[in-house]
Chemist: 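One structure is given below, represented as structure tokens, and several questions about it will come after.
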Amino acid sequence: VLNRILNITNAEIVLTSQWRNEYTRNEIEAIFEHNKIVKNPIDCTIDLGGFCRSKEIELFLEENPVNNYVILDDVFIEGFENNYVEINQDIGLTEDLISIILKKIKFLRN
């Protein structure tokens with residue numbers, strides 16, 4: 001499903017998850033390769049510790065302006081409601097979310 005989204009949107013991946021702290025870049029790339037993901041993350045947000053993911057994303061966007069983005073996460077990201085799609089942690093990224101993600105991207109482009 002992630003590959004379909006990446007192919008349709010030509011999006012890049014920036015990690016905000018705990019993976020950025022638990023694995024080296026090489027380990028993350030190996031995980032992506034093992035799962036046949038067509039792109040590796042291009043960057044990671046900084047870790048401010050605790051539950052500061054929204055601030056971490058905010059800082060990343062200040063330093064790396066992008067035209068369009070969608071945040072896929074199983075944890076609500078406060079302050080990014082228009083850019084956020086909730087992923088059920090028990091089910092993961094599913095086909096039915098593709099249309100939601102694409103609509104969100106289209107909405108953001110208008």
Chemist: To the nearest 0.5 Å, what is the distance between CD1 on Ile77 and CG on Asn83?
Modeler: 11.0 Å
Chemist: Are the side chains of Asp74 and Glu86 in contact, using a 4.5 Å heavy-atom criterion?
Modeler: no
Chemist: Kindly indicate whether the side chain of Asn68, heavy atoms from C-beta on, has any atom under 4.5 Å from the side chain of Val66.
Modeler: no
Chemist: Give, for atom CD1 of Ile87 and atom CD1 of Ile100, the distance between the pair rounded to the nearest 0.5 Å.
Modeler: 8.5 Å
Chemist: Could you check Thr94 against Asp96 for side chain to side chain donor-acceptor pair (under 3.5 Å), going step by step and ending with a plain yes or no?
Modeler: CA-CA 6 Å; Thr94 57; Asp96 62 314; 2.3 Å; yes
Chemist: Crowded around Glu95 CD? As in, over 12 foreign heavy atoms under 6.0 Å?
Modeler: yes
Chemist: I need the Ile37 CD1 to Ile28 CD1 distance, nearest 0.5 Å.
Modeler: 13.0 Å
Chemist: Provide the closest heavy-atom pair for Arg25 versus Asp43 in the form atom of the first, atom of the second, distance.
Modeler: NH2-N, 3.7 Å
Chemist: Taking atom CD of Glu78 as the centre, report whether more than 12 heavy atoms of other residues, nucleotides or ligands fall under 6.0 Å from it.
Modeler: no
Chemist: Is the closest side-chain heavy-atom distance between Leu102 and Thr9 below 4.5 Å?
Modeler: yes
Chemist: Taking Thr24's backbone N and O only, do any of them form a donor-acceptor pair with Glu27's side chain (distance below 3.5 Å, no angle check)?
Modeler: yes
Chemist: Drop me the distance from Lys103's NZ to Ile98's CD1, to the nearest 0.5 angstrom.
Modeler: 12.5 Å
Chemist: Filter on ring pair (Phe, Tyr, Trp, His ring centres under 6.0 Å), then keep only pairs touching residues 4-31, sequence neighbours left out; what's left?
Modeler: Trp19-Tyr23
Chemist: For Thr16, does its backbone N or O pair with a side-chain atom of Arg53 as donor and acceptor, under 3.5 Å?
Modeler: yes
Chemist: Can you check whether Ser17's main-chain N or O pairs, donor with acceptor, with Arg20's side chain at less than 3.5 Å?
Modeler: yes
Chemist: For the atom pair CG (Leu93) and CG (Asn88), what is the distance rounded to the nearest 0.5 Å?
Modeler: 11.0 Å
Chemist: State, with a plain yes or no, whether a side-chain heavy atom of Leu97 is found less than 4.5 Å away from one of Val1.
Modeler: no
Chemist: First locate atom CD of Glu29, then atom CD of Glu33, and finally report the distance between them rounded to the nearest 0.5 Å.
Modeler: 9.0 Å
